[in-house]
Amino acid sequence: MRILSGIQPSGALHIGNYFGMMQPAIALQAQGEAFYFIADYHALTTLHDPAALRENSRRLALDFLACGLDPEQGALFRQSDVPQVTELAWILSTVTPMGLLERAHSYKDKIARGMAASAGLFSYPVLMAADILIYGSDLVPVGKDQKQHLEIARDLALKWNDKFGDVLRVPEPYIQEKTETVPGLDGQKMSKSYGNTIDIFSDEKETRKRVMSIVTDSTPVDAPKNPDASVVFQLFSLFATAEEAAEMRAAFAQGGRGYGDFKKQFFGKLWRYFEPMRERRGEIIAQPGYIDEVLAKGANRANAIADEVMARVRNAVGLR
Ligand code: ADP
Ligand code: TRP
């Protein structure tokens, strides 16, 4: 089984990325051939600052490794180290109905937030489909917001195969119900673009400040509180054992403790949870050249498969 996912190097990693995509991706790496990449071509749809793109890409590789990606098991690489993927995107775009892209939520949301409507932003899902199909991926771990993009990738594979023969494998999304949409500080989906994130590798002071700023209602300290309506409880549950979550649930229902108190408890849990990752991150930083080595090895593995699939694709459409 081949497992594949990508993430854009467009900002710091937050706990929504971690639970929605990274943790499932890392948990799957031993169950098949895993391919995880830094979607730098995709980031160009929103980031036109070469130094920042380079820096973010490196940092994302570092963070992915720190979070437990094992480069002996999975391949970690830059999307742009496999440039054939843009060729496949072009070939797929010739069978992509405009209407399919016009219905994409992600595009519509970005335009609604005032982003310029570039052709790259519009055809983003076609490049994403190419990313998935060029490696013959079976399973794609992502958060729920990527579900429609996965459906587009499946549609394009079926449409293309229908015309040119059975070359492209049709992928399945892998979306975990419990973590499909991690809420942010304000209760909306946690996202860089909403400024409501808790980042994994911020320093202690900033992380505490973020946790203490989670929006809560005005229920008095003594009164019982509804855990299911509280972001503090929802986030705590992601890190807690079933017993710990049940204890916090009971404490909410009982009353007598304020939200500030629950936030402190959540902060403690969160900070301890990422302790080993922070340590590993420090170790990687202390080994110059390690990240480049990992990325080069990953790119080799990825290219070997992409070349094979592209040879069949070119042959099928008549380019060779
Ligand atoms: P952002 O919305 O912060 O820009 P990205 O779009 O870069 O995040 O997402 C990278 C990966 O993390 C994707 O697989 C996405 O589904 C997942 N992800 C992002 N935010 C969340 C969230 N709040 N809950 C669950 N998964 C998320
Ligand atoms: N669009 C994804 C995101 O914003 C990143 C991505 C690009 C991706 N190509 C992919 C995810 C292929 C999974 C598979 O998070």
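Computation of the quantities below employed the complete heavy-atom set of this structure, encompassing side-chain atoms and omitting hydrogens, waters and symmetry-equivalent molecules. Ligands are counted one by one from 1 in listed order, and the atoms in each one are counted from 1 as well.
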Review point. Which protein heavy atom lies closest to atom 1 (N) of ligand 2, and at what distance to 0.1 Å?
Key: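 Ranked first by proximity to atom 1 (N) of ligand 2 is Y124 OH, 2.7 Å.
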Point to revise | atom 13 (C) of ligand 2 [closest protein heavy-atom partner, distance rounded to 0.1 Å] | key: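 Of the protein heavy atoms, G6 N, 3.5 Å lies nearest.
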Taking [Y] as the starting point, is it possible to reach [X] by hopping between hydrophobic residues whose side chains are less than 4.5 Å apart?
X    : Y    : answer
L139 : M22  : yes
V294 : I284 : yes
L44  : F122 : no
Y18  : V140 : no

Review point. Is I132 touching ligand 2 with its side chain, its backbone, both, or neither, if touching means heavy atoms under 4.0 Å apart?
Key: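 It is the side chain that touches ligand 2; the backbone stays farther off.
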Report each N/O pair between ligand 1 and the protein that falls under 3.5 Å, naming both atoms.
| unit_1 | atom_1 | unit_2 | atom_2 | d |
| --- | --- | --- | --- | --- |
| ligand 1 | 2 (O) | K189 | NZ | 3.2 |
| ligand 1 | 2 (O) | S191 | OG | 2.8 |
| ligand 1 | 3 (O) | H14 | NE2 | 2.7 |
| ligand 1 | 3 (O) | K192 | N | 2.8 |
| ligand 1 | 7 (O) | K192 | NZ | 3.0 |
| ligand 1 | 8 (O) | N17 | ND2 | 3.3 |
| ligand 1 | 9 (O) | N17 | ND2 | 3.4 |
| ligand 1 | 12 (O) | N17 | ND2 | 3.1 |
| ligand 1 | 14 (O) | G143 | N | 3.3 |
| ligand 1 | 16 (O) | G143 | N | 2.9 |
| ligand 1 | 16 (O) | D145 | OD1 | 2.3 |
| ligand 1 | 20 (N) | M190 | O | 3.4 |
| ligand 1 | 23 (N) | V182 | O | 2.9 |
| ligand 1 | 23 (N) | M190 | N | 3.4 |
| ligand 1 | 23 (N) | M190 | O | 2.9 |
| ligand 1 | 24 (N) | V182 | N | 2.7 |
| ligand 1 | 26 (N) | G16 | O | 3.3 |

If the cut-off is 4.0 Å to any non-hydrogen atom of [X], which atoms of ligand 2 fall inside it?
X    : value
V140 : 13 (C), 14 (C)
S5   : 13 (C)
H42  : 7 (C), 9 (N)
D131 : 7 (C), 9 (N), 10 (C), 12 (C)
Q8   : 4 (O)
F37  : 9 (N), 10 (C), 12 (C)

Review point. Where does the angle between the aromatic ring planes of F267 and W271 fall among parallel (under 30°), tilted (30 to 60°) and perpendicular (over 60°)?
Key: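 The arrangement is parallel - the two ring planes meet at less than 30°.
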Check your understanding: Where does the angle between the aromatic ring planes of Y135 and F35 fall among parallel (under 30°), tilted (30 to 60°) and perpendicular (over 60°)?
Key ->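 Aromatic pair Y135/F35 classed parallel.
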Exercise for review: Could you give me the CA-CA distance, side-chain angles and deciding distance for N196 and Q188, then say whether side chain to side chain donor-acceptor pair (under 3.5 Å) is met?
Suggested key: CA-CA 8 Å; N196 63 356; Q188 289 190 83; 5.8 Å; no
Review point. Between F233 and F266, does the ring centre distance come in under 6.0 Å?
Key: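 Aromatic pair excluded; centres sit 6.0 Å or further apart.
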Practice item. Please check if the distance between the ring centroids of F19 and F239 is under 6.0 Å. Key: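 When the ring centroids of F19 and F239 are compared, they turn out to be within the sub-6.0 Å range.
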Review point. Evaluating non-hydrogen atoms only, which member of Q79, Q146, M21 is closest to atom 3 (C) of ligand 2?
Key: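 The option holding the nearest heavy atom is Q146.
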Point to revise | Contact check: H149 vs ligand 2, nitrogen or oxygen atoms, below 3.5 angstrom | key: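 N/O-N/O distance under 3.5 Å: no.
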**Study point:** Stepwise salt bridge (charged side-chain N to carboxylate O under 4.0 Å, His left out) check, R210 with E206
**Key:** CA-CA 6 Å; R210 290 258 154 183; E206 174 61 22; 3.2 Å; yes
Practice item. Kindly indicate, with the supporting measurements, whether the criterion salt bridge (charged side-chain N to carboxylate O under 4.0 Å, His left out) is fulfilled by D228 and R249. Key: CA-CA 9 Å; D228 297 310; R249 176 177 281 286; 2.8 Å; yes
